[in-house]
Amino acid sequence: MLKRKIGFLLFHDFTAMDVSGPLEVFASVSEVASEHYELVTIGIKPEIVRAESGIKFVADLSISEVRELDTLVIPGGKGTRNRELQSQISPWLQQLLPSCRRIVSVCTGSFILAASGLLDEQKATTHWAYADEFRQHFPKVRLSEDALFIINEKLATSAGIASGIDLSLKLVEDDLGSEIAAKVARFMVVHFRRTGSQAQYSEPLQYQSKVEGKFANLTSWILDNLKADLSLQQLADQCGMSTRNFCRRFNEQMGCPPGRYVESLRLDFARQLLVEKSWPVSRIAGACGYESVDVFRRAFERRFVVTPKNYQATFR
């Protein structure tokens, strides 16, 4: 029977879900299998620690008391950018790494991991909103801000908040196999097949953060009419603008031409259908507004460097 000790680092102003999400993944293994993990919380000292949300957690052990650990999970939160905390944790992480099988960061927990120097010259990710700040402080780290999570031998980093669950499911899969990991995901009622190569956020979310005025409802209208004629004239009419003014204003706000934006939304929806449906590629192409399957295949491969069929086989 497997018994591996998973430690969760606690400090003031951490993000509660960065701890509770992964913790529930590892704890749920015993609900679906005879295997289980031993879970422990660790602080600078054993004390009550307050998360950013105000919820209080108890650190069972101090970092000086930790003798044996299989995996350490470092959560994100405002506290991770505290230089004093980084300097307190860094020597311990450097000392822990040789005897610990893996050290994992969730969200901006990567700031603590990077401050220790352990991520130097390594590929890593963090929450997309803090990517520029991360690069400024840790230029030696090869940051990939789009990835959901990245695993490098003994070190792993993940993106914002919920991605800690995705990474934890992957670690359970590595430890116990895909069948148990899938049962855990089903027990928790979460997606199992969000892999590290998937983007942190979808195309609609990426662009909608930029829109205002007459473009505010355009994205939702396009998504409701992907199979319709989405010509430049139709889009301009939807916004009550001339085609010339629409093109100029759209480029200013969105940073890309209308046609490219429509294609991005269609291909993003295609990815979703390829994962969620067992439809043939021709039906998915039609559902996304492509009259020609060949045109769809070429557009998809150009954007994601993989064919629709291979993408479906990988992520389903």
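Heavy atoms only: backbone and side chains are in, while hydrogens, waters and symmetry mates are out.
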* Asked: What heavy-atom pair brings Cys288 and Phe269 nearest, and what distance separates the two atoms?
  -> SG-CD2, 3.7 Å

* Side-chain donor-acceptor pair present, Asn217, Ser220, cut-off under 3.5 Å -> no

* **Identified side chain to side chain donor-acceptor pair (under 3.5 Å) counterpart of Thr71 within the set Arg102, Lys5, Arg101** => Arg102

* **Heavy-atom pair with the smallest gap, counting every atom of Pro257 and Asn251** => N-OD1, 3.3 Å

* **Lys227 side-chain N/O to Gly286 backbone N/O, donor-acceptor pair under 3.5 Å** => no

* To do: Return yes when atom CD of Glu291 has more than 12 non-hydrogen atoms of other residues, nucleotides or ligands closer than 6.0 Å, and no otherwise.
  => no

* Between Ser62 and Glu65, is any side-chain donor less than 3.5 angstrom from a side-chain acceptor? -> yes

* Partner of Ile161 under side chain to side chain contact (heavy atoms under 4.5 Å, CB included), chosen from Thr108, Asp18, Val106 -> Asp18

* Ring centers of Phe57, Phe8 separated by less than 6.0 Å -> no

* **Closest non-hydrogen atom pair between Arg50 and Gly54, with its separation** => NH1-O, 3.2 Å

* **Sidechain-backbone polar pair: Gln94 side chain, Leu118 backbone, donor-acceptor under 3.5 Å** => no

* **is_close_aromatic(Phe138, Phe134), centroid dist under 6.0 Å** => yes

* Asked: Quick check: does any side chain N or O of Gln312 sit under 3.5 Å from a backbone N or O of Lys277, one acting as donor and the other as acceptor?
  -> yes

* From Leu232 CG over to Phe250 CZ, what is the distance, rounded to the nearest 0.5 angstrom? -> 10.0 Å

* Hey, does the side chain of Thr126 reach the backbone of Ala131 with a donor-acceptor pair shorter than 3.5 angstrom? -> no

* Under 3.5 Å, is there a donor-acceptor pair between the side chain of Ser116 and the main chain of Leu113? -> yes

